[in-house]
Amino acid sequence: MNSNVRVRFAPSPTGYLHVGGARTALFNWLYARHTGGTFILRIEDTDKARNTAEATQAIYDGLKWLGLGWDEGPFKGGDCGPYFQSEREEIYLRYFNQLKDAGHLYEHGGAWRFRSPREMVALDDLVCGHIEFDLTNPETHPDITIRRPDGGWIFHFVNVVDDIEMGMTHVIRGEDHLSNTPKHIELYKALGAKPPQFAHIPLILNRDGSKMSKRDQGAAIGGYMELGYAPEAVVNYLCLLGWSPKDNREIIDIKEIIELFDLPKINHSNAAFDLDKCNWMNTQYLLHMSPERFFELSLPFIQKAGIPYGTEAALKPVLAIIQEKTKLLSEVPDRISFFFTEDYAFEEEAVEKALKVPGALEKLTILADRYEASEAWTAESVEATLKATAAEMGWKNKELIHPTRIAVSGRSVGPSLYHMMEVLGKERTVARLRKTAEKFA
RNA sequence: GACCCUAUCGUCCAGCGGUUAGGACACCGCCCUUUCACGGCGGUGACACGGGUUCGAAUCCCGUUAGGGUCGCCA
């Protein structure tokens, strides 16, 4: 932290963290980390009607889950607090009086409005480039209200005041604020402050180009948390919406993204959210992450589901063999459940196809005998024994493999069969084979 | 309606005056294979349109069209 760059994420507590907001936070965070600057979290809770307690928690949870830690803000403190707009009344009053005394304000219907200087306002946006706005016509650009008759403050005013007070050097926000920016610049000037550098990033839309709202698929960060995405995958995906390393790579470590990230490299056009690609990204991360990380991310889901896994030592080998098949962490409990109970369920269709065929149950009994007699118990030895048995008896491998898979797991799909039996252990494997042979006899 | 932003495969990106327009997701084949995945190979698929500028435009300029945003006593 040794540059003077100060950026912020300033969400309004709405009850959930929107992906668009998350990416705005991410780009601010990336810029702060890239420059060695400071990332600030400020809660814009001027609207008292909203439930700030729970709604604010959703913001903290989402940012923490994504790994976007802030340097100043709630729980962290800092020299520019408080970091809740609802607690900054005196500051707003001071700036309000400054504007009023200088003659920039007038009362209208009980509310206070800022008198626009009626000029051309130029903006050199770090993403969008040089833009000139003609604010000379009051018909098309009416004066903005900054304070309600009840004394409440309006976004445009408190946002600018806080950015001045908190020493923001760069304002990185959604493009939906681009048209508001000239008004903000007027406010900065009237307050005798130098406007920060602006960077308006493109919006995230639905696949069909429509605006993403709360109910749309993939819109709420909480949804990713519940379904069990790897946060690093979601972050990686979000980074690629509007930014790219320019060399056609997709999976990139966040450390490298921090190095490569810069504002002028951000796209100018809106991006559509593609859940398919996000899902692919997630499976890639799940597949390649360390077993330790997979364990760490899976555990909460396993505990919540109440899987009686016993000890971590018993759980880890099981997780190790299902990791490569897992698409979402929320699937983990179901994928591992049969390892931890002898009362596992049998898929009806699989039973019909593989067990209720002539000779299938006899095969299981014969295999159980062979396994019982075998010394070694590794995936390799288990496989060798199975194939040797099939060869000896004149069966096709498949004719033995499928009934065996269903006998030991109750399912037609699952982890590598031999590894599954290795982890299950000799005793339980043999017992399951025999029990199944009896059960469907 | 006014103003602002944007415009390359269905989607996300690369390209920044001369390329067989590249990669990824998705989709379709084939291969691998004990299931399901992973993986490998191949394929379908795009420069919105019209004018310029230039020896030469996806690349630069203008217009049109389309999409998005803003125009609140919401943030």
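The structure displayed is predicted, hence computed values, not measured ones. A, B, ... follow the sequence lines: proteins, then strands. Residue 1 opens every chain.
- The A/H268 side chain lies nearest to B/rU6 when the options are B/rU6, B/rG22, B/rA24.
- A donor-acceptor pair under 3.5 Å is absent between the side-chain atoms of A/T326 and the main chain of A/L328, judged by distance alone.
- B/rA7 and B/rC16 have their P atoms separated by 16 Å, given to the nearest Å.
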Check: Which is it for A/I322 and A/F294 under the side-chain contact (heavy atoms from CB on, under 4.5 Å) test, yes or no, and what are the steps along the way?
Finding: CA-CA 10 Å; A/I322 61 122; A/F294 188 74; 4.1 Å; yes
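- Two residues, A/W243 and A/L178, neighbour RNA chain B, and the one matched to the more 5' nucleotide by heavy-atom proximity is A/L178.
- Put simply, CD1 on A/I251 is 13 Å from P on B/rC38, counting in whole angstrom units.
- In this structure, A/G209 reaches the sugar-phosphate backbone alone: every heavy-atom distance under 4.0 Å involves primed, P, OP1 or OP2 atoms, never a base.
- Side chain of A/S269, nearest nucleotide from B/rA7, B/rG68, B/rU35: B/rA7.
- If you take CZ of A/R42 and P of B/rA75, they are 13 Å apart, rounded to a whole angstrom.
- Between B/rG10 and B/rG18, the two P atoms lie 25 Å apart (nearest whole Å).
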Next item on the list: With side-chain contact (heavy atoms from CB on, under 4.5 Å) as the test, would you mind laying out the steps for A/W243 and A/L30 before giving the verdict?
Entry: CA-CA 11 Å; A/W243 175 87; A/L30 282 172; over 6 Å; no
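- At a threshold of 4.0 angstrom between heavy atoms, the contacts of A/L417 include nucleobase atoms, whether or not backbone atoms are also involved.
- Contacts between residues 229-240 of chain A and RNA chain B, counted as heavy-atom distances below 4.0 Å, involve A/L240.
- Using Watson-Crick or G-U wobble geometry with both donor-acceptor distances under 3.5 Å, B/rC71 finds its partner in B/rG1.
- Annotation: B/rU64 and B/rG72 have their C1' atoms spaced 33 Å apart (nearest Å).
- Within 90° of 0 lies the glycosidic angle of B/rC38, which makes this nucleotide syn.
- Nucleotides B/rC73 and B/rU59, compared at atom C1', are 47 Å apart to the nearest Å.
- Under a cut-off of 6.0 angstrom, the local environment of CD in A/E342 is crowded, with over 12 non-hydrogen atoms contributed by other residues, nucleotides or ligands.
- Here, B/rA24 and B/rG39 have their C1' atoms 16 Å apart, quoted to the whole Å.
- A cation-pi arrangement is absent between A/R94 and A/F96 under the rule of less than 6.0 angstrom and at most 45 degrees off the ring axis.
- For RNA chain B, the neighbouring residues in residues 126-145 of chain A, judged by any heavy atom under 4.0 Å, are A/I131, A/F133, A/T140, A/P142, A/T145.
- A/E250 comes within 4.0 angstrom of a nucleotide base, judged by non-hydrogen atoms across all strands.
- Using a cutoff of 4.0 Å between basic side-chain nitrogens and carboxylate oxygens, A/R434 and A/E372 are scored as salt-bridged.
- With A/D162 as the partner, the salt bridge (Lys or Arg N to Asp or Glu O under 4.0 Å) test is satisfied by one option alone out of A/R42, A/R6, A/R8: A/R42.
- Under the Watson-Crick or G-U wobble criterion, with both distances below 3.5 Å, B/rA14 has no partner in any strand shown.
- Summarising the base pairing, B/rC32 is matched to no nucleotide, lacking a Watson-Crick or G-U wobble pair whose two defining distances lie under 3.5 Å.
- For the pair A/F294 CZ and B/rA37 C1', the interatomic distance rounds to 13 Å; values are reported in whole Å.
- One donor-acceptor pair, N or O on each side, does fall under 3.5 Å between the base of B/rU35 and the side chain of A/K325.
- A/R173 has no side-chain polar atom (N or O) that falls below the 4.0 Å cut-off from OP1 or OP2 of B/rU70.
- Pair check for B/rA21 finds none; no Watson-Crick or G-U wobble contact set falls under 3.5 Å.
- With C1' as the reference atom, B/rA14 and B/rA58 are 12 Å apart, rounded to whole Å.
- Applying the 6.0 Å contact sphere to NZ of A/K398 captures no more than 12 heavy atoms from other residues, nucleotides or ligands.
- Rounded to an integer number of Å, the gap from CG of A/L205 to P of B/rU6 is 15 Å.
- Base pairing annotation: B/rC49 forms a Watson-Crick or G-U wobble pair with B/rG63, both donor-acceptor distances under 3.5 Å.
- Residue A/E362 qualifies as enclosed at atom CD: its count of foreign heavy atoms under 6.0 Å is above 12.
- For the residue pair A/E89 and A/W153, a side-chain donor N or O sits within less than 3.5 Å of a side-chain acceptor on the partner.
- The same atom, P, is picked in B/rG23 and in B/rG15; the two are 15 Å apart, to the nearest Å.
- Using a cutoff of 4.0 Å between basic side-chain nitrogens and carboxylate oxygens, A/K255 and A/D253 are not scored as salt-bridged.
- A/G174 comes within contact range of no nucleotide atom at all, as no heavy-atom separation falls under 4.0 Å.
- One can place CG of A/L123 at 14 Å from C1' of B/rU70, the figure rounded to the nearest angstrom.
- For B/rA26 and B/rC38, the P atoms lie 8 Å apart once the distance is rounded to whole Å.
- Atoms CZ (A/R23) and C1' (B/rC12) sit 12 Å apart, rounded to a whole Å.
- Among the protein residues, A/K353 comes within range of no part of the nucleic acid, since none of its heavy atoms lies under 4.0 Å from any strand.
- The residue A/Q284 sits close only to the backbone: its heavy atoms come under 4.0 Å of sugar-phosphate atoms, none of a base.
- As judged by a 4.0 angstrom heavy-atom cut-off over every strand, A/Y418 is placed among the base-contacting residues.
- Ring-plane geometry between A/F114 and A/H104 is classed as tilted, the angle between the planes lying from 30 to 60 degrees on a 0 to 90 degree scale.
- Residue contacts shown for A/S412 include a base, since a base heavy atom lies under 4.0 Å away.
- Under the 6.0 Å distance and 45° angle rule, A/K353 does not count as a cation-pi partner of A/F346.
- Base engagement by A/S179 is indicated by at least one non-hydrogen atom pair under 4.0 Å involving a base atom.
- When both distances must be under 3.5 Å, the Watson-Crick or G-U wobble mate of B/rC27 is B/rG43.
- A/D143 pairs with exactly one of A/R118, A/K183, A/R113, A/R115 by the salt bridge (Lys or Arg N to Asp or Glu O under 4.0 Å) rule, that one being A/R118.
- When distances are taken from the side chain of A/K246 to each of B/rA14, B/rC38, B/rA7, the shortest belongs to B/rA14.
- Applying a 4.0 Å cut-off to non-hydrogen atoms, the residues of residues 388-404 of chain A that approach RNA chain B are A/I401, A/H402, listed by residue number.
- Side-chain to base pairing of A/R207 with B/rU11: no donor and acceptor N or O lie closer than 3.5 Å to each other.
- Stacking of A/R147 on the aromatic ring of A/W112 is not recorded, the 6.0 Å distance cut-off and the 45° axial limit not both being met.
- In this structure, A/S210 reaches neither bases nor backbone, as no heavy-atom distance under 4.0 Å exists between it and the strands shown.
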